Amino acid sequence: MAEIEVRDIRHVYDQGSPDETVAIERINLTLQDGTANALLGPSGCGKTTLLQIISGLLQPTEGHILIDGEDVTDKPPAERDIAQVFQFPVIYRSMDVYGNLAFPLRNGGVPEAEIESRVHRISELLELDDILHSSPSNLGPELNQLVALGRGIIRADTSAILFDEPMTDVEPSRKLTIRRRVKEAQQEFGITALYVTHDQHEALTFAEQVAIMKDGNLVQYDTGENLYQSPVNTFIGHFIGSPGMNLLECGLSQENGDPHAHLGPHQVPLDSALAPRLDLGWTDCHVGIRPSSVTVQVAEPHEDTGYLPATVDQVEMLGGFQIITATLDHTDVEVKARVAHDFAIDEGASVWLSFPPSDIRFFHDHEAIPA
Ligand SMILES: Nc1ncnc2c1ncn2[C@@H]1O[C@H](COP(=O)(O)OP(=O)(O)OP(=O)(O)O)[C@@H](O)[C@H]1O
Ligand SMILES: [Mg+2]
């Protein structure tokens, strides 16, 4: 497989016409050889456009695509050796599953003996042995998608595989199994993979690194852990996690050199390491805290323990846990907290919330200010 580099790519549809659409503002991204990557973002942010530019189905307005350092921007898809697995599987109904898997190898003039051994390896890995001689017409969409995937990875000389929302047609209960098999194949063959989805769960379970796009820009390309713990801006904080990070509009002050955020009459101490990076004149500031980091206490705490009084508006039972939505007293600041499934709490109850300083993130003009 290969390293794929997206260098200064920009794409404008119908440039110069009244319908002009800037689909990609400017993107730089390098996918390391043999890694699993995901491309995640809201509908219309440019994911499919970027994928088609990488595969060569679309010529970018500006910029270059490099495969292992070689500029392939002017090369047609066939010369890039990039396999694509689409939302709806592309299957040859006139052939059985074996024939479908063997197709790219037969096309490339690979000897039959080698074809047989590769087909069997792929079939074993994707657990297709029992249906090798079935007709695709008799299989459901998810098996067809696995066959399409197998055909994508069967060639030893493929540079990368791009998946565009491949699970759309797959029954929810089967998604995990199929994704696991795809992931195993990705690891076993050292495939450079780019998996497009707007489902964060799918992206985070498949990929080592996830590229998050918004409005034609790449906002953050990072591990799931970093996207969760250190979002670069409020968009990522809110977008990742379910529910996303609490983003609470706040004021700023400093007492004895220690920075504090103000939520109405309430004060939240910030990490003192932030002090040199803050400007007390700033407006448009947000405190970010994950619902899983908010501590909820029902009994009134002793004074000066940093707990904020709040009233519970809503309690949602989500199986293994509950999400509490509470409003800080004397404000309209809403905070979501994740608590255990057996945490006893009623709507309308008074609670005390606290935010551990090391879990607080601070944003100015929606950009993260690292401590
Ligand atoms: N062929 C086209 N002609 C003109 N505009 C297009 C074309 N294809 C996409 N666009 C526009 O470009 C932008 C990016 O579209 P794209 O399909 O790349 O987004 P996406 O992230 O794949 O969305 P989705 O999650 O809905 O698949 C959108 O505003 C879309 O309307
Ligand atoms: Mg798309």
Side-chain angles (χ1 to χ4, degrees), residues 4-31 36-65 72-73 76-77 80 82-90 141-142 144-145 148-149 152 160-170 172 175 178-179 182 192-207 209-222 224 227 231-242 244:
I4 307 288
E5 189 180 339
V6 173
R7 190 183 286 174
D8 278 329
I9 289 288
R10 176 176 172 79
H11 194 72
V12 185
Y13 287 106
D14 307 313
Q15 194 167 29
S17 91
D19 296 332
E20 177 172 300
T21 307
V22 180
I24 298 188
E25 289 267 6
R26 187 158 305 276
I27 287 189
N28 284 285
L29 174 68
T30 301
L31 308 176
N37 304 275
L39 192 54
L40 179 67
S43 190
C45 69
K47 303 182 295 294
T48 296
T49 302
L50 184 60
L51 218 62
Q52 295 196 332
I53 288 172
I54 295 174
S55 68
L57 291 173
L58 193 62
Q59 195 62 27
T61 310
E62 286 176 35
H64 300 270
I65 299 296
V72 297
T73 319
R80 298 190 187 191
I82 288 179
Q84 251 190 300
V85 178
F86 297 95
Q87 196 166 346
F88 302 105
V90 180
E142 57 221 42
N144 277 326
Q145 191 57 295
L149 170 83
I161 304 189
L162 312 180
F163 302 88
D164 198 351
E165 308 254 5
M167 299 291 180
T168 307
D169 224 14
V170 173
K175 285 186 181 179
I178 298 206
R179 204 163 51 237
V182 173
T192 308
L194 185 57
Y195 188 113
V196 169
T197 174
H198 53 248
D199 178 339
Q200 59 169 299
H201 179 72
E202 223 168 276
L204 293 167
T205 50
F206 177 77
Q209 294 218 93
V210 179
I212 302 187
M213 285 180 68
K214 180 180 184 257
D215 300 337
N217 291 297
L218 177 62
V219 185
Q220 189 167 1
Y221 175 53
D222 224 324
L227 292 168
V232 297
N233 58 23
T234 54
F235 168 74
I236 302 282
H238 182 73
F239 191 72
I240 293 292
S242 180

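The shown structure was predicted, so the numbers you read here are calculated from the model rather than taken from an experiment. Just so you know, ligand 1 is whichever comes first in the structure, and atom 1 is the first atom listed for that ligand. Each residue takes its place number in the sequence, starting with 1.
- At a threshold of 4.5 Å between non-hydrogen side-chain atoms, the residues Phe235 and Ile212 count as touching.
- Nearest to atom 20 (P) of ligand 1 by heavy-atom distance, out of Gly44, Ser17, Pro42, is Gly44.
- Nearest protein heavy-atom contact of atom 17 (O) of ligand 1 is Thr48 CB, 3.9 Å.
- Ligand 1 lies nowhere less than 4.0 angstrom from a heavy atom belonging to Gly41.
- Here the rule is side-chain contact (heavy atoms from CB on, under 4.5 Å) with Glu5, and of Asn28, Thr30, Leu29 only Thr30 fits it.
- Proximity to Thr21 (heavy-atom distance under 4.0 Å) selects the following atoms of ligand 1: 11 (C), 12 (O), 29 (O).
- At a heavy-atom cutoff of 4.0 Å, ligand 1 is contacted by the side chain of Asp14 but not by its backbone.
- Distance from atom 19 (O) of ligand 1 to its nearest protein heavy atom, with residue and atom name: Gly46 N, 3.3 Å.
- At a threshold of 4.5 Å between non-hydrogen side-chain atoms, the residues Val85 and Gln145 count as touching.
- The ring pair (Phe, Tyr, Trp, His ring centres under 6.0 Å) search around Phe88 returns none, not counting sequence neighbours.
- Listed by number with element, the atoms of ligand 1 under 4.0 angstrom from any heavy atom of Ala23 are 12 (O), 13 (C), 14 (C).
- Relative orientation of the Phe206 and Tyr195 rings is tilted, given thresholds of 30° and 60° on the angle between their planes.
- For the Mg ion (ligand 2), the N/O/S atoms of Ser43 include none lying under 2.8 Å.
- Scanning the protein heavy atoms around atom 25 (O) of ligand 1, the nearest turns out to be Lys47 NZ, 2.7 Å.
- If you check the side chains of His198 and Glu165, you find a donor sitting under 3.5 Å from an acceptor.
- The shortest side-chain heavy-atom distance between Phe239 and Pro231 does not fall under the 4.5 Å cut-off.
- Within a 4.0 Å radius of atom 30 (C) of ligand 1, the protein contributes no non-hydrogen atoms.
- One distance of note links CG of Asp222 with CD1 of Ile240; it measures 10.5 Å at 0.5 Å rounding.
- Remark: among candidates Ile53, Leu39, Thr49, Val196, the nearest residue to atom 15 (O) of ligand 1 is Thr49, based on non-hydrogen atoms.
- For atom 24 (P) of ligand 1, the closest non-hydrogen atom of the protein is Ser43 OG, 3.6 Å.
- With contacts defined as side-chain heavy-atom distances shorter than 4.5 Å, the pair Gln84/Leu51 qualifies.
- Ranking protein heavy atoms by distance to atom 9 (C) of ligand 1, first place goes to Tyr13 CE1, 3.5 Å.
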